[in-house]
Structure formats: C-alpha cells, structure tokens
Amino acid sequence: MSLNAQVADALDQIAALMELTGENRFKVIAHERAARVIRDLSEDVGSMSPEELQSVEGVGEKIARKIVQFREEGRIDELEELRAKVPAGLIEVLQVPGLGPKTVARLWKEAGITSMDELKRALDSGELESLPRMGAKTLQNIREAIAFTETSGERLPIGIALPEAEAIVAHLRSVAGVRKIAYAGSLRRGRDTIGDVDIVCVADPPDPVREAFTTMAGVRKVLASGETKCSVRLAMEGGQVVDGRGAGREVQVDLRIVPASSWGAALLYFTGSRAHNIRLRERALKKRMTLNEYGLYPLDDDPTPPQRRGVRPIASRTEEAIYTKLGLPTYPPEMREDRGELDLREIPPLVEVGDIRAELHAHTIASDGRMTLAELVDAAIERGFHTIAVTDHSKASAQANGLSVERLREHVREIREENARRGRTIEVLAGSEVDILADGRLDYEDEVLAELDIVVASPHSGLSQDPKKATKRLLRVIEHPLVHILGHPTGRLLPNRRGLEPDMHEIVHAAREHGVALEINSHWKRLDLRDTHVRMAVEAGCLIAIDCDVHRPEHFDNLRYGVMTARRGWLTRDHCVNTWTRQKLLQWLRQKRQGASG
DNA sequence: GCCGTTTTCGGCCCGACTGTTTTCAGTCG
C-alpha cells in the first residue's frame, strides 16, 4: 500500500475512534477530510516538507505533525492513545449501515460490546432488548444490516452497477406521471466502483412511481418510503455475477422524487460528490446565498428552509444555471470530486467517447480472443474506427494461448494481408501484447519486436511483488525503445486484486520522457490506470491510450468506462492517442521506431 | 482541527426519514 494510503487509513482510524469517544465532531470531520485529500493527493507525502504538507487543503499544523511522525516512526502517538482507550473491534461495528457513533458507543458502554462477534452474540441472546431506545424493530434492522454488509459489503464494479441502473431507470420511466428520471451519484460521476445507486425523478403525481419503485422485481427490503425519498435493497439479477460472488448479493437503491422546478438542484445535489457539494455550499454562503437540493436561494436569517416559505430561487431548474450563478463553469460529473476543480476558470476539453477513433489493444482466436481476424476488423469498422491494432498474447501467457515466435510471424503475415485487402477503409496494425517478465524483460527478443507495427507491453504475472521491484520492472519497459504502450500498468482486478503498486511519479515522468503512452484499460474489471493515476499522468504531460482490450465484440462497449475514468483524470483529447487522426497516430508509432534505430 | 478578499476567533452544509418518544436524536447521503 502506498504511503499516502497508509497515512489516510491512519487518519481515518483516528477519526473513527474519536467519534466513539465523543470528541468534537468538527475535529472528526477535519481528520476525515485530511484523510480523503491525502488519499487523492498526487504528490507522495513521504517526500514533502512539513511546510508543503501544510499547504495541502485540509492539512494544518497538527495533522502535518502526525503525518511526519507516521512516516518517521511508523506510528502516531494520538492513534496509539485512542487505541488504548477504545476497543479496535468497534471500528468494524461502525461500518454497519444504520449504526453510527452514538449507537455504537452505547452498545460498548451499556452492553459491553467490543467487536462484531460480540454484537452478533448479543443480538442472538436477546440481552440487548433491555436497553432503552432499542426496540424490536431497531434490533431487527441491525441484524439485517449486518447480513447485508456480509453478503454485499463490497462496492460494485461500475460495469455491473451501470447496466442495472439503466434497467431500473428504463422501467420507471414508463410509469404514469414520471416526467424526468436519471441516475445520479457515483455512477454518474463514473467512479470505478459504486456503493449504492441513486435515482432522481420528477413525477406528478408521485404515488405511482413510489409504488412501482418499492414493489419492482428483486426488492428484498424497503428501507424507507417517504414523500420524497425511498430506499430499497435489491437482489442482483442472476446474470450479474462478479467473479462468482455476485449471486445472492444485494444493492441499495435510493429514489428521490423532486418538483420539476428543482430538477437541476436535485440532480446536482444527488450527483455529488459530497465533498464537491460542501464546497459549493460554502461558496454560496460567501456570496450571501444558500444551496440545497431544491435550489439556490438568497440568504436570510429565517431558520425555516426557503423552499417551505415560497421564496423564489435564484436558480434551480438546471445544473448549469446554478453553477453560473455561483460564478463557476458547469463541471462534467466526472470532475466533481473536490480535487481542485473549483479553482478552474474553464473546463478543459475532456475526451469523449465519440472522439475515440482507434482501438490499439485487441485479441483474436490466434490467442484467447473469440473473433477471427476478419471479424475483429469488421467490428472495428462498424464502430467507425480508422485503426485497429491486433495484439495477441505473447508466449509467456500460455494460459491465454500466447504465440510462439513462429506463430507470431505467421500471424503478422496474415494481418498484413488483411490490411492490404481492406485498402483505405481501415488501418490494421500488426502488433503484440507482450508479457512483461518479473524482472522487466519482454517476452520476445528485440529483433522480433522490431518487426511489429505496435507493441503493447503488459504485466500479467508477478503482480504481488514489492513496490520497489515493480517500479524498476515498469521503468525498464518504459525505457525500452520498441515499446509504444504500457498496457494495464498495475494489473489490478476489481474488486479485490490490488495489483502492482509502483511509484507512479517515477512511472509517469519516465513515460513522458520516453514518449510511451500509458493505457487506460477500459474493461470494468480493470480500469487500469485508475482515475488518480490518470490525473498524475495528465499533470506530467504523458500520452494516454484508452483501449478496450477486446476479446469479444461486446468488449468495444466497455469504452465508456475507460472514457469516464479518463475524464475523472481530466484527460484532454490532445493527449489521448486514440483520438488522433490516422496519419498522426501512424507517425507517432513509426517515430518511436526511427528514434530507436537512430 | 482547519480556515480567513469583512475574520487569527468563531465559525464549520443541509434536509429527509426512522424509531420510539410525545418533540427529537441519530443516521444517512
């Protein structure tokens, strides 16, 4: 785990334990915020001076000191003191939805509960029933919430959640009275994984959609069903199985019903992120306005919310109107993470799905793909691409039927013939997805690689090696004169395989220097590079390739996930090689070859 | 604990829903 992630975890633990000791909630929030910012930070806190640490938003003198102590001694005094006071097992209990710090502290102090196992035993024995404010319903909700975290605790990959959300939206759109409906939340922001699904809708009258929502197929439990807000737990469809673990799992879905006049405010609010929203509200207050999910209103001293007093909003119908009145550009949802976007005067020209004109990482039946060469090329033409690179696996990927040198050469001949046959319709490039061996050597000799139009080098094994080795390994690849693209650089798999954890600073700077493009692999199980890495690469001025790693025709549809990840990293068209013209792309590919020989 | 184009002190985003209680605390997003 990177140092930033370790520091963030430690700060999160301090925050959680503070909550249980009843510490001032603003102190708790300050630690949570610092943890989030450091987790997202592109600089490495290990190489920052105390002054630099304090220049980070949300990090002041005291938290900076804690970070310094952590990196020098591997511990933080305050965290150790808190751990001595509060049983560590309670942090897990705090993760159960519906159990907040107040309730967990009561369970600890009044019933002696110090861990999840003890809580489960106490629930079974009935000893909690005697506690005040612990009715049968509350206890049953806790039981069900624990079961939910155990079967469905992990976040859902976006590739599972997005189609599910689209199906729900399509279903509800046909209900009488529904005038507008859309999914929001982290799904709309394009995060790689999703905790729950948020849906916003305008419906008049509201009852039919509420009824349809709480009774739709798959609803296991209705958590809330109010005038404007409904929440359910939904069983995932049978087909949506993640690595064999999807079966039986549930996902929480929230529906918010809002007036048509508040559509923009509601969409803005429920899209988040939470941190972005808080920033917007702070900004509104500075401008003597107040922002909530109903609209942007003039600020006054009346404690009753303005929408209940019939106050006319300054803006509310569209997101754009609200941003404009706040003096801000309309941020694409993917940028709304409080990662510096509010300091921008204008939005950079972020890459869009329609900009992608080339797929540079695709497999055929020659290795582990399902399409013949001709079928792959046809599929690429159908997508409107001007270039398709055929990059079957190299020999070390035996499990993927990787090609021996002889088979590769025969394959290259076939690809060149196919390219000639297609004329100007599409450029078919002969390439390889070459395995990166554990020490950073490539799986084919240089003389073989030199015969190819394009080389994508990817790690497939040795993915748990330590960060220093991983960094060296990838640097060696980036410095190799015949490599164009570093494919799925960390090899992570969502939700559980962490993959390599190289020093991404070194990686992106070397990639920039050597003109190697780093790949965003668009498969929703990979999304590798991830968003924060893309942002680092963009800041360093790296080239990026967004590829689908196509094995089947439908894999081209994963492009949207890769593009959302790119946009979350603020990638613009000019630095994305897949958006270039055929001529510019080919020039870049050949230039690397000439640079190597000259 | 952090932060400041009115502030180095005194604020810190805002509303909905549930459960259990009878006016609200706790939790969530």
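Hydrogens, waters and symmetry mates play no part in the numbers below; they use all other heavy atoms, side chains included.
In summary, the side chains of A:E337 and A:H276 do not present any donor paired with an acceptor at a separation below 3.5 Å, with no hydrogens or angles considered. Between A:R155 and A:T193, the side chains place a donor N or O and an acceptor N or O closer than 3.5 Å (distance only, hydrogens not considered).
Using a 4.0 Å cut-off between a side-chain N of Lys or Arg and a carboxylate O of Asp or Glu, A:D124 and A:R121 do not qualify as a salt bridge. Electrostatic pairing of A:R65 and A:E61 counts as a salt bridge here, judged by a charged N lying under 4.0 Å from a carboxylate O. Between A:E539 and A:R535 there is a salt bridge, since at least one side-chain N of the basic residue sits less than 4.0 Å from a carboxylate O of the acidic one. Between A:D338 and A:R274 there is no salt bridge, since no side-chain nitrogen of the basic residue lies less than 4.0 Å from a carboxylate oxygen of the acidic one. Between A:E250 and A:K221 no salt bridge is recorded (no basic side-chain N to carboxylate O distance below 4.0 Å).
When heavy atoms are screened at a 4.0 angstrom cut-off, A:V96 is found touching the sugar-phosphate backbone but no base atom. Within 4.0 Å of A:P132, counting heavy atoms only, lies no atom of the nucleic acid at all. Among the atoms of the strands shown, only primed sugar atoms or phosphate atoms (P, OP1, OP2) are found under 4.0 Å from some heavy atom of A:R308. Residue contacts shown for A:L99 are limited to sugar-phosphate atoms, with no base heavy atom under 4.0 Å away. Within 4.0 Å of A:R33, counting heavy atoms only, lies no atom of the nucleic acid at all. As judged by a 4.0 angstrom heavy-atom cut-off over every strand, A:S231 is placed among residues making no nucleic acid contact. Counting non-hydrogen atoms under 4.0 angstrom, A:K287 reaches nothing in the nucleic acid. Among the heavy atoms of the strands lying under 4.0 Å from A:V59 are primed sugar atoms or P, OP1, OP2 only; no base atom is included. Looking at heavy-atom distances under 4.0 Å, A:K27 makes contact with a base.
When rounded to the nearest whole Å, the span between CZ of A:R210 and C1' of B:dC17 equals 12 Å. As rounded to whole Å, 13 Å separates atom C1' of B:dC14 from atom CG of A:L280. Rounded to a whole Å, the CZ atom of A:R133 is 9 Å from the P atom of B:dT22. Following rounding to the nearest Å, A:R65 (CZ) and B:dC2 (C1') show an atom-to-atom distance of 14 Å. Whole-Å rounding puts the A:R25 CZ to B:dC14 C1' distance at 11 Å. Per the geometry, CG belonging to A:L11 stands 13 Å off C1' belonging to B:dC2, to the nearest Å. When the C1' atom of B:dG26 is taken as reference, atom CG of A:L20 falls 14 Å away, rounded to whole Å. The distance from atom CZ of A:R279 to atom P of B:dC13 is 10 Å, rounded to the nearest whole Å.
Contact check of residues 328-338 of chain A against DNA chain B (heavy atom, cut-off under 4.0 Å) returns no residues at all.
Side-chain N/O atoms of A:Y297 include none lying less than 4.0 angstrom from OP1 or OP2 on B:dG15. Side-chain nitrogen and oxygen atoms of A:T290 include at least one within less than 4.0 Å of the OP1 or OP2 phosphate oxygen of B:dC14. The phosphate of B:dG15 has OP1 or OP2 within less than 4.0 Å of a side-chain N or O from A:N292.
Closest to the side chain of A:Q307, from the set B:dG19, B:dT27, B:dG15, is B:dG15. The side chain of A:K229 sits closest to B:dC17 out of B:dC17, B:dT27, B:dG15. Looking at the side chain of A:D196, the nearest of the listed nucleotides B:dG29, B:dT27, B:dG15 is B:dG29. Comparing B:dT20, B:dG29, B:dG1 by their closest approach to the side chain of A:Q252 singles out B:dG29. Here B:dG19 is the nucleotide among B:dG19, B:dC28, B:dG15 with the atom lying nearest to any side-chain atom of A:N141. You'll find that the side chain of A:P101 is closest to B:dT27, out of B:dG1, B:dG19, B:dT27. Nearest to the side-chain atoms of A:R256 among the listed nucleotides B:dG15, B:dA16, B:dC2 stands B:dA16. Nearest to the side-chain atoms of A:T228 among the listed nucleotides B:dG1, B:dA16, B:dT27 stands B:dA16. With B:dG1, B:dG19, B:dC14 as the candidates, the nucleotide lying closest to the side chain of A:H31 is B:dG1. For A:L285, whose side chain is taken as the heavy atoms from C-beta onward, the closest listed nucleotide among B:dC14, B:dT27, B:dG1 is B:dC14.
A gap of 13 Å separates the P atoms of B:dT8 and B:dG4, to the nearest Å. Nucleotides B:dC12 and B:dT7 place their C1' atoms 13 Å apart, quoted to the nearest Å. When the C1' atom is compared between B:dT18 and B:dT22, the two are found 15 Å apart, to the nearest whole Å. Rounded to whole Å, the P atom of B:dT23 lies 29 Å from the corresponding atom of B:dC13. Taking atom P in both B:dT21 and B:dT27, the straight-line distance is 16 Å, to the nearest Å. B:dG26 and B:dT20: their P atoms are spaced 14 Å apart (whole Å). A distance of about 14 Å separates the C1' atoms of B:dT6 and B:dG11, rounded to the whole Å.
Between the base of B:dG29 and the side chain of A:Y269 there is a donor-acceptor pair shorter than 3.5 Å.
Shown here, B:dG10 forms a base pair with B:dC3; the pair counts as Watson-Crick or G-U wobble because both key distances fall under 3.5 Å.
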- Task: Give the C-alpha distance, both sets of side-chain angles, the deciding distance and a yes or no for side-chain contact (heavy atoms from CB on, under 4.5 Å) between A:V200 and A:T271.
- Result: CA-CA 9 Å; A:V200 186; A:T271 296; over 6 Å; no

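With a 6.0 Å radius and a threshold of 12 heavy atoms from other residues, nucleotides or ligands, A:R312 has its CZ atom at or below the threshold.
The distance from the CD atom of A:Q6 to the CG atom of A:N4 is 9.5 Å, given to the nearest 0.5 Å.
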Which pairs would a plain distance check flag for residues 175-183 of chain A, meaning a side-chain donor or acceptor within less than 3.5 Å of a matching protein atom at least two apart in sequence or in another chain?
none

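Where A:G135 and A:R281 each meet DNA chain B at their nearest nucleotide, the meeting point lying more 5' is that of A:R281. Taking for each of A:E227 and A:K62 the nucleotide of DNA chain B with the nearest heavy atom, the 5'-most of the two is the partner of A:K62.
Glycosidic torsion of B:dT5 falls outside 90° of 0, placing the base in anti.
By the 5.5 angstrom centroid cut-off and the 30-degree plane limit, A:F26 is classified as stacked against the base of B:dC12.
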